[in-house]
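These notes are about the structure you will find just below.
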Number of protein chains: 2
Amino acid sequence: MAGFKGQAEYSIDSKGRIAIPAKMRNALNPEAKSTFTITRGFERCIFLYPLDTWLGIESEISALNTYNRQARDFVRSILMWAEEMVLDAQGRISIPKPLAEFAGITDKGLVIGALDHVEIWNPDSFAAHMNEQADDYETLAERVMGL
Amino acid sequence: MAGFKGQAEYSIDSKGRIAIPAKMRNALNPEAKSTFTITRGFERCIFLYPLDTWLGIESEISALNTYNRQARDFVRSILMWAEEMVLDAQGRISIPKPLAEFAGITDKGLVIGALDHVEIWNPDSFAAHMNEQADDYETLAERVMGL
DNA sequence: GGATTTCTCCCCACTTTTCCCCACAAGTGG
DNA sequence: CCACTTGTGGGGAAAAGTGGGGAGAAATCC
């Protein structure tokens, strides 16, 4: 099963909706029933997990030891932002206000595929984030993929 | 199975399409179903992986630990440019706009076979890249291939 | 508690892009 | 020399992205 790939800069309409690229919609497993769980991501962006993938994450989370304070805080941090959203007939989802604020998203959103999930960024934040990254692509590839 | 070889300078039409040389199309494994995954390469060029080869890369990527920030950034850097493209009836693929911009490709493309993948360069960039390379062919060979 | 306002979501309409298809010219091989 | 493949170009139907109206639910305010 091919994962999510690609990028697209789409506009957010006055109702806070953003289109999900057709290529990514088509990569959705039928079991996901056009549903994404939207939550905060790492770095200042939003994560979208297909429903079927999300269920796996939920069971990982529920396996955590809740007698550990750090685990509790982690669970709170993920779940307080999470929301199940179904694509509308035009293939869009509406971004919950708290998440839009968190990611600093107003009128433009950069949608990128990241294999098991989709990310939505404020285009400017994303450019800034990539600039902060000290190593260039070639170095990163060598380090991460090993040699 | 024979790998990709050879070079060809082809034109990009007004719709951003470029032909893949017949020799390389014939080198495609039937399993690839005439499909390439197109993504950014190292240096300023575009990589084309046959679908079957790409799936192997994708599973390597998915094995990375995404709780590590460098790994996350690497996954973003490679996948945001990636796109699955099927050859049209004329044996062409259309180059996604972001990639064309990245590689500085406008009206001409230099297509090079590189064993497990195909590369597309702006012909001028490629010439410049080869000039930057201080060592000549013989020296390079000695260093890379050992003794 | 009821009326008003706000918000959410479903639906329809318009514009742009994508991609499928056909056509032609140049090159290749028998 | 002719048939066939290969590279190049473009028209047109279908899909994708964008915007907004309006019914119903939820929240708010008197």
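Going from atom CZ of B/Arg92 over to atom P of D/dG9 covers 9 Å, rounded to whole Å. Atom CG in A/Asp88 sits about 17 Å away from atom P in D/dG21, given to the nearest Å. The CG-P distance, from B/Leu87 to C/dC19, rounds to 13 Å in whole Å. Per the geometry, CD1 belonging to B/Ile95 stands 16 Å off C1' belonging to C/dT18, to the nearest Å. Remark: C1' of D/dA16 and OH of A/Tyr10 are 7 Å apart, rounded to the nearest angstrom. Across the protein-nucleic acid pair, A/Asp13 atom CG and C/dT15 atom P stand 18 Å apart, rounded to whole Å. The interatomic distance linking A/Glu84 (CD) with C/dC9 (P) rounds to 13 Å, in whole Å. For the pair A/Ile18 CD1 and D/dA16 P, the computed distance is 17 Å after rounding to whole Å.
Nearest-nucleotide assignment on DNA chain D puts the 5′-proximal partner with B/Gly91, out of B/Gly91 and A/Pro21. DNA chain D is contacted by both A/Glu9 and A/Lys15; A/Glu9 maps to the nucleotide lying nearer its 5′ end (nearest heavy atom per residue). Residues B/Lys97 and B/Gln90 both approach DNA chain C. Their nearest nucleotides, taken by heavy-atom distance, put B/Lys97 toward the 5′ side.
Cluster membership for A/Ile46 and A/Phe4, using ILVMFWY side-chain heavy atoms within less than 4.5 angstrom, is shared.
Contact annotation for A/Ile20: backbone-only contact, meaning every heavy-atom pair under 4.0 Å involves sugar-phosphate atoms and none involves a base. Note on B/Lys23: nothing from the nucleic acid sits closer than 4.0 angstrom, heavy atoms only. Among the protein residues, B/Ala22 comes within range of the sugar-phosphate backbone only, with heavy atoms under 4.0 Å from sugar or phosphate atoms but none that close to a base.
Contact between the side-chain N/O atoms of A/Ser14 and the OP1/OP2 oxygens of D/dT18 is not found at any separation under 4.0 Å. Contact annotation: A/Ser94 side-chain N/O to C/dC7 OP1/OP2 distance is not under 4.0 Å.
Heavy atoms only, all atoms of each residue included: B/Leu79 and A/Gly113 are closest at CB-O, 3.6 Å. Taking each heavy atom of B/Ala19 and B/Tyr10 in turn, the nearest pair found is O-CD1, 3.2 Å.
Not a single donor-acceptor pair, N or O on each side, falls under 3.5 Å between the base of D/dG7 and the side chain of B/Arg17.
In summary, B/Arg76 and A/Glu43 engage in a salt bridge, as defined by a charged side-chain N under 4.0 Å from a carboxylate O.
Using cut-offs of 30° and 60° on the angle between ring planes, the pair A/His129 and A/Phe126 is tilted.
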